[in-house]
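Residue numbering restarts at 1 for every chain, and letters A, B, ... go by the order of the sequence lines. Treat the numbers as computed from the prediction; the structure is a model and nothing was measured.
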Number of protein chains: 2
Amino acid sequence: MTEDRHATKERLLDAAERLFAEKSFDEVSIRELAQAADANLAAVNYHFQGKENLFSEVVRRRFLVQRDRSLAALTKAVDAGGERPALDTIIRAIVDSYLQGALATQEGARVMALIAREMHASGPSRHVSAFGEMIAPVFAAFSAAMLRARPNLSVDQANWLIASVVGQVHHFIMRRFKYEGLPAGDPVRAFMAHAFPVLGEPVDVYIARATDHITRFSTAAIDAMYPEVTP
Amino acid sequence: MTEDRHATKERLLDAAERLFAEKSFDEVSIRELAQAADANLAAVNYHFQGKENLFSEVVRRRFLVQRDRSLAALTKAVDAGGERPALDTIIRAIVDSYLQGALATQEGARVMALIAREMHASGPSRHVSAFGEMIAPVFAAFSAAMLRARPNLSVDQANWLIASVVGQVHHFIMRRFKYEGLPAGDPVRAFMAHAFPVLGEPVDVYIARATDHITRFSTAAIDAMYPEVTP
DNA sequence: CAAGGACTCAAACATATGTTTTAATTATGC
DNA sequence: GCATAATTAAAACATATGTTTGAGTCCTTG
């Protein structure tokens, strides 16, 4: 039946998601992939017409989930704030949705690691489309929300501020990834845990603390740089 | 003479630096490398006993340069400040040294791109040593300097703040890399330039503006979060 | 100048990879 | 229930890769 028909295709996608998160594109072989999915070697090319297509579909599948989650969180925060939403609510919404999406669940973590890696990859990456499809809308929504919260900002100013927020988010995500990727006895891991004890905490604690810090840090900066005009 | 003797070895290192910055480790073949260096195929294995060793040496060579530059800038900033150096001077020193090292010169940009890519790579990267050798000292110096400028901060607080600064630095570096890596007509590039016009400016303008923004943003945040106790 | 070592070179090796092919098998629709 | 299409399977293909080999060349050195 239909279920069985698409079974191997789905299994391939799942296996690919896992493997591509662990290793880079080139480090994953089609044979390895087929074996992990309990499928035949030729199945990859039959269902996806090549390795690159499979990769693209893997990325795309989760990419849009994260995008929609961030947009929903942002919309909710803006709507809850009425005419003039609170700045820290907006920032917290976007920061939390990213940290949750990237760190909370294993699937999210896998794909985020993958995306982060490919983001820094060479040339015109294998999924440029995803970039525009995800980054642009979220960025636009974030920018608009921030301008709602702080009408005294110019678009340009808001975008600079957003860059600072996003930079912190990425950094706190990567920091956790790097830490968890290191083997238990690794000296670098020990150093990181020493300088940054929260890395040793459970992931939900880490997310909460990081979200809190980024939100407070960024809100404080914005308030100080561009004082709110009180009506 | 000695010069000619090591000539091909040096040529290999130079070519490797360039190629490894453009493509990933796996995407660069030894044959390609040898040809770019005008050397024989076997030269790589003769001089470096394998591809991985060559890669490690490439990274190491520039890694320490950047480390020393950052440490020097930091030391200079601290020393110039006497008993109680100014916070924004410290932050500006570290931010500027990284942006300069990563964006100003072509060689620096190459290796920084390479490092950024490998940083997000899988497993126990090919140069874990470099991580501890570079990150740890700079981090420690930055932390110490910040505590000199703001004695009312705890070590833990300082480290959280540093994470926010470093996250912004990385992000502004990667943003420029990504932008410059895209072909002229690319829609993503157009979008980035539209939302962030400074990306179209010459690199030294970009560096100056970004340094300024990160410094002001971070200083404002820190001052607001932990008001300075005036003696 | 002759011997020895450092270096270069072309060729060969061994293997891992993505893809294609061709036949067998399984499900679908009339 | 059978013909047809969809899917799976095993093997072959073509090629690109890192590495090794062994002969040749150049330079240093005694």
Q: Quick check for you: among C/dG18, C/dA11, D/dT8, whose closest atom lies nearest to any side-chain atom of B/Leu41?
A: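 From the listed options, C/dA11 comes nearest.
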Q: So, is A/Thr8 close to the D/dT7 phosphate, meaning a side-chain N or O under 4.0 Å from OP1 or OP2?
A: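 Checking A/Thr8 against D/dT7: no side-chain N or O falls below 4.0 Å of OP1 or OP2.
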Q: Anything under 30° is parallel, anything over 60° is perpendicular, the rest tilted; go ahead and classify A/His170 against A/Tyr98.
A: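 The arrangement is perpendicular - the two ring planes meet at more than 60°.
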Q: Are B/Phe48 and B/Phe55 side-chain neighbours, meaning at least one heavy-atom pair lies under 4.5 Å?
A: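 They are not in contact (no side-chain heavy atoms under 4.5 Å apart), so the answer is no.
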Q: Whole angstrom is fine here: how far is it from CD in A/Glu27 over to C1' in C/dG18?
A: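 Value for this atom pair: 17 Å.
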Q: Hey, can you tell me if B/Phe217 and A/Phe217 have their rings parallel, tilted or perpendicular (30° and 60° cut-offs)?
A: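 It falls in the tilted class, 30° to 60°.
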Q: Which nucleotide wins on minimum distance to the side chain of B/His47, given the candidates C/dC7, D/dT8, C/dG18?
A: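 In terms of side-chain proximity for B/His47, the closest of C/dC7, D/dT8, C/dG18 is C/dC7.
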Q: Side chain of B/Ser29 only, heavy atoms from C-beta on: which candidate in D/dT19, C/dC7, D/dG18 is closest?
A: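 Of the options given, the side chain of B/Ser29 lies nearest D/dG18.
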Q: Just the rounded figure in Å: distance from P of C/dC9 to CD of B/Gln35.
A: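 It is 13 Å, rounded to the nearest whole Å.
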Q: Can you measure B/Asn40 atom CG to C/dC9 atom C1' for me and round it to whole angstrom units?
A: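 Roughly 5 Å, once rounded to whole Å.
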Q: Could you tell me the separation between the CD atom of A/Glu32 and the C1' atom of C/dT19, rounded to a whole number of Å?
A: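 So the CD-C1' distance, A/Glu32 to C/dT19, works out to 18 Å.
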Q: B/Lys23 has an atom NZ; how far is it from atom P of D/dT17, in whole Å?
A: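 Rounded to the whole Å, the gap is 9 Å.
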Q: Base, sugar-phosphate alone, or nothing: which one does A/Ala42 contact when heavy atoms must sit under 4.0 Å apart?
A: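 Base, at least one base heavy atom under 4.0 Å.
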Q: What is the distance, rounded to the nearest whole Å, between atom CG of A/Leu33 and atom P of D/dT8?
A: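 Taking CG of A/Leu33 and P of D/dT8, I get 15 Å after rounding.
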Q: How many whole angstroms separate atom OH of B/Tyr46 from atom P of D/dT20?
A: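 Going from OH in B/Tyr46 over to P in D/dT20 covers 14 Å.
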Q: One pair to check against side chain to side chain donor-acceptor pair (under 3.5 Å): B/Arg175 and B/His171. What are the steps and the verdict?
A: CA-CA 6 Å; B/Arg175 192 170 273 229; B/His171 190 67; 3.0 Å; yes
Q: Between B/Asp38 (CG) and C/dC7 (P), how many Å, whole number?
A: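 Nearest whole value for this atom pair: 18 Å.
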Q: Please determine, for the side chain of B/Asn45, which listed nucleotide (C/dT8, D/dT19, D/dA9) has the closest atom?
A: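 Within the option list, the nearest is D/dT19.
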Q: For the atom pair OG1 (B/Thr211) and OH (B/Tyr206), what is the distance rounded to the nearest 0.5 Å?
A: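 Reported value, rounded in 0.5 Å steps: 9.5 Å.
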